Amino acid sequence: MNVFVLYHLLLALTQMFGASFRQASQCRMMHFKCRGGFYPRAENTVARFPVPDEKIHWDIDYPEYKPTNYTAAHIKGQSWADPEISHPSFHPQWNQLDGNVNRKSHVGVYKIENLFPLNPVGRTGVCGRGCLGRWGPNHAADPIVTRWKRTSNNEIELHSTSEKKILQFVAIQRRDTREWAIPGGMVDPGEVVTTTLKREFFEEALDALGRKPEQLNEADAIVAKFFESGETVYKGYVDDPRNTDNAWMETVAVNFHDETGLSVGKLPLSAGDDAVNVRWMDVGKDLELYASHIEFIEAVAEKRNSHW
Ligand code: BGC
């Protein structure tokens with residue numbers, strides 16, 4: 001049985017016996033976007049040490065492996081970033097809640113080697129933290145806000161070939177890479193994920209930070225109410241281009257669906273904060289999205305039985 005089949009078998013079993021969302025187990029996952037080529041937006045060129053597919057996992061010998069050490073200069077001393085591992089004041093509590101910093105991974109217990117946490121999926125060709133603030137898991141949350149695509153007569157449109165309903169989701173264009181993405185963001189220390197989901201949507205898709213408090217209006221109340229009930233579709237590791245051997249992204253992706261299109265589905269969107277553009281985007285397998293966002297969108301399409 002190959003690893004791909006095994007991974008999907010485990011996933012199916014998890015779905016049958018409990019969790020109704022995708023939860024990445026660290027057993028034999030692969031990553032692609034954080035391997036090969038160059039580290040994104042580094043001050044100088046940072047080439048990743050080559051890691052072929054069969055050498056990703058730590059338990060496979062790779063004696064020639066010499067990852068490039070890179071930690072971005074701009075994260076040093078930032079309030080949201082950890083100090084260097086060797087700093088005398090730094091005593092991280094790995095795999096647990098460390099004060100209000102969550103150092104637990106969604107995928108299980110990660111290993112520590114020579115003081116450094118190890119990426120649970122495997123080698124990336126870069127060690128250090130890259131541009132991520134935390135050693136180990138860096139937690140994000142992704143709100144997937146959806147509605148049905150409708151005709152000008154307000155009727156739900158069916159896809160010409162699959163004859164299934166077409167889902168639309170709120171997508172933003174990221175300021176950093178210009179790629180289209182879910183309007184997610186980092187979970188602040190001590191923040192609960194539900195707060196992050198709502199806050200990021202307000203900031204990136206409704207430009208809450210660009211508005212004065214008195215401009216907060218009825219629409220905001222609609223969104224706040226709408227965000228009270230969501231369904232988790234993914235929880236785990238993200239194949240993010242910023243990942244390194246010692247720092248990586250994880251997320252919780254939650255679907256908030258406007259069935260009638262009369263709630264958030266009607267609101268005017270306005271890009272703000274880390275987003276330069278925002279729009280309702282049709283869901284389908286040809287979408288090209290940031291990191292592994294396409295997988296989370298696919299999970300929503302499956303759940304809602306929409307065109308894919
Ligand atoms: C983004 C999230 C994304 C996460 C992992 C965060 O910077 O805002 O949308 O899921 O990184 O890639």
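Only a predicted model underlies this, so the values are computations on that prediction, with no experimental measurement involved. Note that ligands are numbered from 1 as they come in the structure, with each ligand's atoms numbered from 1 the same way.
Between W148 and E259, some side-chain heavy-atom pair lies under the 4.5 Å cut-off. In this structure the side chain of D176 never reaches within 4.5 angstrom of the side chain of D274, judged on heavy atoms.
Close contacts between ligand 1 and A291 involve ligand atoms 12 (O) [criterion: under 4.0 Å to a heavy atom]. Below 4.0 Å from some heavy atom of M249 lie the following atoms of ligand 1, by number and element: 4 (C), 5 (C), 11 (O). Against a heavy-atom cut-off of under 4.0 Å, A140 is close to the following atoms of ligand 1: 4 (C). Heavy-atom proximity to Y290, at under 4.0 Å, picks out these atoms of ligand 1: 12 (O). Within the listing of ligand 1, atoms 8 (O) sit less than 4.0 angstrom from a heavy atom of G185. Close contacts of ligand 1 with G184, meaning ligand atoms under 4.0 Å from a residue heavy atom, involve 8 (O), 9 (O).
The 12-atom threshold is exceeded at CZ of F32, counting heavy atoms of other residues, nucleotides or ligands nearer than 6.0 Å. Applying the 6.0 Å contact sphere to NZ of K76 captures more than 12 heavy atoms from other residues, nucleotides or ligands.
Checked options H293, E288, R174, R279; the residue passing with W180 is R279 (criterion: side-chain contact (heavy atoms from CB on, under 4.5 Å)).
A ring-centre distance under 6.0 Å is found for W135 and F116.
An N or O contact shorter than 3.5 Å is missing between M186 and ligand 1 by distance. In terms of N/O distances under 3.5 Å, ligand 1 is not approached by A141. The distance criterion of under 3.5 Å between nitrogen or oxygen atoms is met by D240 with respect to ligand 1.
Considering only non-hydrogen protein atoms, atom 9 (O) of ligand 1 sits nearest to D142 OD1, 2.5 Å. For atom 1 (C) of ligand 1, the closest non-hydrogen atom on the protein side is R174 NH1, 3.3 Å. Counting protein heavy atoms only, atom 3 (C) of ligand 1 is closest to H293 NE2, 3.3 Å.
Contact annotation for I182 and ligand 1: only backbone heavy atoms (N, CA, C, O) come within less than 4.0 Å of the ligand.
Assignment of R242 to the shell around ligand 1 is supported, since a heavy atom sits closer than 4.0 Å. The shortest heavy-atom distance from E200 to ligand 1 is not under 4.0 Å.
Minimum interatomic distance between R123 and H31 (heavy atoms only, all atoms of both residues): O-NE2, 2.8 Å.
The aromatic rings of F227 and F201 lie tilted to each other, with the angle between the two planes from 30° to 60°. Under the 30°/60° scheme for interplanar angles, the aromatic rings of F90 and W94 are found to stand perpendicular. Between W248 and Y110, the ring planes lie perpendicular to each other; the angle is over 60°, past the 30° to 60° tilted range.
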